[in-house]
Amino acid sequence: GCTKSEDGGTPSTSGTEGAQVVASNSAPAGPSCTLQQYGAAKLDLKNAVVGFSQSEKEANPFRIAETQSIRDEAARQGVKQLLVTNAQSQLSKQIADIQDMLNQGAQFLIVAPLNSDGLEPALQAAAAKKVPVLTIDRKINSKSCKDYLAFLGSNFVEQGKRAADAMIKVTGGTGKVAILLGSSGNNVTTDRTNGFVDQAKAKAPGLQIVAQQTGEFARDKGQQVMEQLLSSNPEITAVYAENDEMALGAVTAIKAANRKPGQDIKIVSIDGTRNAVQAIVDGTINAVIESNPRFGPLAFKTALDFYNGTAIPENVIIEDREYDSANAQSSLGSAY
Amino acid sequence: MAATTPKGVVLETHEVSKRFPGVLALDRVSMSVGPGEVHALVGENGAGKSTLIKVLTGVYRADGGEVRYRGAPVSFGRPLDAQHAGISTIYQEVNLVPLMSVARNLFLGREPRRVGLIDVARMNREASETLERYGINVDVTRPLRSISLGAQQMVALARAVAVGAHGDTARVLVMDEPTSSLEPREVETLFRVVRDLSAQGIAVVYVSHRLDELYELCQRVTVLRDGRVVHTGPIKGLDRLTLVSHMLGRDLVQVERDGVTGFGDHGEATSAEPLLHVDGLRKRHVLDGVSFTVRPGEVTGLGGLLGSGRSETAKAIVGALPLDDGSVTVGGRTLRRLSPAASLREGIALLPEDRKAEGIIPDLSVRENIVLAAMPRLARAGIVTRRRQDRIVRTFMERLRIKASSPEQRVAELSGGNQQKVLLARWLCLEPRLLLLDEPTRGIDVGAKAEVQKLIDELARDGLAVVLISSDLEELVEGADRVVVLRAGAVVGELAGDDVSEHAIMAAIAQEAADD
Amino acid sequence: MTELAVAAKRPVARYVQDYGVYGAVAVLLLFNAFFTDNFLQVSNLRTQLVQVAPVVIVALGMALVIGGEGVDLSVGSVMALAAAVIPLYLGFGVWPAVLMALVAGAVAGLVNGSLVAVVGLQPIVATLALLVAGRGLALVIADGQLKQIRNADLLALGEGGVLGLPLIAAVLAVVVGFVVHRTTYGRQLVAIGGNRPAAQLAGLPVKRVLIVTYVLCGVFAALAGVLATARLTASDPSAVGNLMELSAITAVVVGGTPLTGGRIRVLGTVAGALLMQLLRATLIQHGLPDSTAQMVQAAVILVAVYVARQRRTR
Amino acid sequence: MTAVLTTGGRQLPVSRVARSERIAALAQRHGALAVLLLSTLVASLVFDSFATFDNLTGISIQSSFLVVVAVGMTFVIITGGIDLSVGSVFALGGVVAAWASQYGLAPALLAPLLVCGAVGLLNGLVVAYTGLAPFIVTLATLLGARGLLLAITDEGARTFLVPRDAAFLDLGRGTLLGFGYPVWIAVLLCVLGGVLLQRTRYGQGVYAIGGSEDAAALMGLPVARIKVLTYLLSGLLAGFAGALNAARLGSGVTILGVGMELDAIAAVVIGGTLLIGGAGTVSGTLCGVLLLGVIQNVINQIGNLTSSVQSVVSGAFLVVVVVTQSYLSRVRRLR
Ligand SMILES: Nc1ncnc2c1ncn2[C@@H]1O[C@H](COP(=O)(O)OP(=O)(O)OP(=O)(O)O)[C@@H](O)[C@H]1O
Ligand SMILES: Nc1ncnc2c1ncn2[C@@H]1O[C@H](COP(=O)(O)OP(=O)(O)OP(=O)(O)O)[C@@H](O)[C@H]1O
Ligand SMILES: [Mg+2]
Ligand SMILES: [Mg+2]
């Protein structure tokens, strides 16, 4: 159409830079899973119908990159048909989606669970049809190699801990911290909070948590809550935001209050979106712990390994990078 | 009908007062009614009749005084309590549920049951039987709103009587203007029922503006004026003019001079070109080719029984009822698309029959209700100017003697008759060329009725074309220069000049019926 | 006419009912003045006004719709639509972009209005459809991406302190108040909300008035979307205006406008929005957890509406 | 004269009117069914995997919980009210049931009914005795119930699990003739709901209040009591649906039910119930829910739509369905 936007295209998410790497230190100590143990039939992925159940709308960089990565890799592997559904943040819809894909003949499922509990009916339906389910990005509370094949993704508690470490580094271990929580009732929120709080308590008693409020993982809510907190607690010197969007909202709020984000008030967040990494370059955010969404290659590799008879570890924990002022500029290209 | 003063008292009020914001609706009212007595409650619009009834039956709580029922003071919290105690009521506005079927309305709350569940077949059968006794012959499974107001009123009556007859606790029946939307035939039925009940020893409180009825039916009368009892006593021997002067608070001589009907002599039939041509209005099941003309300066009456399609004709003319076929021509121009807004631009106004559902905007003030349709004309560049409004409102409130605490009072708080006057004012201030009046005097007190009738006369004399729909044959005969008689959605006769008489109208209806 | 001129005497209860919201706002202000640190600072008050401004703007439109016996559930999605449209046209300059956003809101309102007034759908369902589809459309337009806004002129809209957003909201409130009480359109709208068949029979242009109302509501929502975008310094169609419909309806109803139509209280609506904003600020600044905060909000809504309820005479 | 009038009172051809009206009424009552059948037919023709047993049972079980909630909503809407709290109450019911399931089957069923019944009762009492608008009252309890849920679950951090061996689990997972228990329960509740509405005095009262509350009061119906019962019923059904869902999921998930009230309202309205109250049926609501399920299924069958396009499509579907339905019922309104 005759539209004319301010700047050029959106950053591309392709390229191999920033690809997921399996964390080397998390060697599979736990049980692993083989084709036989799982009781699935052998399958040639090339001619298979693969289903991907996305949990939330593709309305933030993480979900966009995640879905795109699965699509790209499926195309690269020459999968016959890839079914993609989106639960739009409704658990019951995710169950329905998975069942619908099974009914449409999906032979292998990749699921990004919306919640750690509650997917059992869908998993049972898959088990009944002997369709393996690989879960990505969020771990579910079920039996691996029975209810589902394996988990592929980050450790959210670990992310919280690393955020605390980064916070200690940028603040020198003292300060008054405000936490911008994710949505209430969400496992990710819980894990990232616990990891941060525990680590901070253990490592830096000088870090005092003065406020915790939910910013619902959204930028505008993050901004609004930060504005309120700055009013009531002007002594805040640091912000831990449980995702980048809220951190960016906080940056705007801090600027509006005539303080300097990144200097007067240190900011650490989790995700590693391009906007956040850019903010590090600009000096408004101090550190970002990555949560890598590019699951495609690793997910299909895991699937191929599985069908080739290799034992798959219960948890394939990926290595998340960490951005700070030292590496932000150089890593900007590979952020999503 | 002996004017025996009843022994004993079933229901009485003692110095009951009720205040609404701005008005003292009841001022220490005392009245009583005994078993088997039919007691008339009369007064001008806004005198407090409906309020008294609502206090009696637990809709309102009195501010002062006391209601005594069977000798003991009572205070009903809800209508249900009054009903349980044996007082059943027909309120002024039809109070049934329009979307529910006739039968379900009739039996609501006391449906016949079998093994705990409603026996629908039996309920429908009994409903048909009951209504037939009241001369209503309808498919009782149809929604109530699909039958005419008059028929609905009869359903309400049947219900009230049945609720009363239910069990042997029934002692009082209260009726607030039950006949305002009834045909003579149905009024007869109603009287029969009332007499029956009275013979069974049930006390009846009866409100009506039709004086004939009172003399025919009631033994005693209580007259209210401005919330106070101004007269109470046996009706026999009470001179009609005296009664009216009690109601109006004017002296006898003046009442005598003004007369009770407001219509003057018939003017000579005008020979002016017709203003309105209605041609072949057709709507399935409702209108079957209605055609007639209306001349300026003339009052054209529409006569017919309930459900003959008079209201529908009026609505069709202003475009409020989608038609299958037919045309409306005004001043020689055939209207293309009929809609209320378009006909208003042509100078056609309709005073609707059902003022509660189609007339008043309850939450707006009297002023705003009056100027509602005229607002665009009174505004400058879309901005409302109060001064012009106030002038018009004041004029009409005076002219129609609308009784309100101020022009800013919510119209819902006015008495029924005064609401009707507000609606009349809404249309009159538009200075229309053609005025369609559907039951304009329903529920209006004698004084106001005469005024309205006089007004209609005046308007016609000033060259306005008026279509008058009325169930009151006397009004039709006195008021109309010409009467078009409808039956089952078709014109079956037209009477003009000296031919217009009650008898002729009925004959027209009856003759056609005999032809069937 | 002297007896008519005598104003109706109004009992105390009626005053509480009519002015209860303002009282509640005052109470909350007092509470915070004493018990919340730094509450009376200019910067904090400014924050509250700036944050409440978009809600006020949306609620004003909502008040019109509700006054006409309708409701518009799509306002949040319309905000998202406006936010998504802005970056597309920012290359032409601020005003064309803002204009296009408002046009998008007007079109959305036109759709709603037509579904309600012409097709005759019930407002809740008619606007529910756009609630679902609107945000989807916004995301399609924006390709699911949040876009950083760098246009200084647009960003200036979001700054400017009390003279920025709050001023716009205040001016709009005055305008809407005037429209409701002083224009034919406003009075006709209230009449239609009060009794639609009667208004129809009185020859009022019912369809036109209703469509205009929904269009206004859409434009107001779009304006709020523009301002929210300016304030956020980014176009974020996935989050902007989330659950705004509930905030706006709450503000309107807490402000004393009945959901049954036929009455519009403009100042009350502003006060209703302020009340909810102050409440939220209080809860956040006192660090209450989400669970408690939600329960407290529920209680306050109930009490506020209870106080402002329409008593029936009996 | 009177005699003449009486015999002259020939009625309009009542039976003719009634018959055409009955057909129109049929179209209205079953408009949702007609649209449902039509879309099912089209979907079966277009998509191979639609009309399979698995898919149809899938749709039925997925819809069953919404059906239970929507039945309660139907009652509320017929009284002219609305219950926005059902989504939160649904989630609350699930959490409470999962927590209570460790104590056995009966507590797992009774505890949620108790808690959610209390919320419903609160709604009812406030609506009936203060005259506040149901929309705003239940909007408040929507928040309140969600807050309560968060408080119970430690701000959502705790998820109660149903013990693996609990009999309660069977309620959600067992099947009969290929259909899950929840489906049968939902159908049973629909039948009961229909009977309650059409064949009891309470049900008639529900219609009467919605048709004209003033009239209902003046006709001596216990208006307040009927309203309280209705909101109580809605709360109980929403809580029960939540419990049933917890039995199926095996845990008390905290994030459930957001926006469910809108789905329920949409289903009820698609089913031909008037939002202004006074008319509506449970069977229509059932069709409405199934229709939503079919739409969702079809969107998944189309496959490969992005989440945003999915929203646009389902919004558009909603309009088409409601407009079709409203035209079917228009026949009736014009008589
Ligand atoms: N709910 C109300 N609020 C305020 N004022 C009211 C209310 N109901 C009635 N009134 C006032 O009380 C007075 C008596 O009204 P009421 O309805 O009892 O008159 P009525 O005798 O029945 O008249 P009509 O013959 O016109 O029906 C009137 O002045 C009316 O305006
Ligand atoms: N006694 C009755 N029994 C059955 N149906 C009736 C009766 N009276 C009216 N109806 C129905 O009411 C409908 C229309 O009545 P309507 O009120 O329009 O007639 P009308 O001539 O305007 O009478 P009025 O204005 O005096 O009430 C008709 O369709 C008719 O079926
Ligand atoms: Mg009266
Ligand atoms: Mg009529």
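Per chain, numbering begins at 1; letters A, B, ... match sequence-line order.
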One should read off an interatomic distance between D/Leu218 CG and B/Ile90 CD1, to the nearest 0.5 angstrom, of 12.5 Å

**Request:** For residues D/Gly211 and B/Pro98, report the shortest heavy-atom separation together with the two atoms involved.
**Result:**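 Nearest heavy atoms, D/Gly211 then B/Pro98: O-CD, 4.1 Å.
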
- prompt: Of all heavy-atom pairs between B/Leu96 and D/Ala215, which one has the smallest distance, and what is that distance?
  reply: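 Shortest heavy-atom separation between B/Leu96 and D/Ala215 comes out as O-CB, 3.4 Å.
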
Problem set entry | Close side-chain approach of D/Val195 and B/Leu117, heavy atoms under 4.5 Å |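 SC-SC contact between D/Val195 and B/Leu117 confirmed.
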
Whatever's closer than 4.5 Å to a heavy atom in chain B on D/Gln198 counts as both

Worksheet item: Checking heavy atoms, do the side chain of B/Asn105, its backbone, both or neither come under 4.5 Å from chain D?
Response: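 Contact with chain D: backbone and side chain both.
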
Most heavy-atom pairs under 4.5 Å with chain B, out of D/Arg199, D/Gln204, D/Arg201, belong to D/Arg201

Hey, is the main chain of D/Tyr207 close enough, under 3.5 Å, to the side chain of B/Arg104 for a donor-acceptor pair?
-> no

Open item on the list: Can you confirm whether more than 12 heavy atoms, excluding those of D/Lys227, are under 6.0 Å from its NZ atom?
Closed with: yes

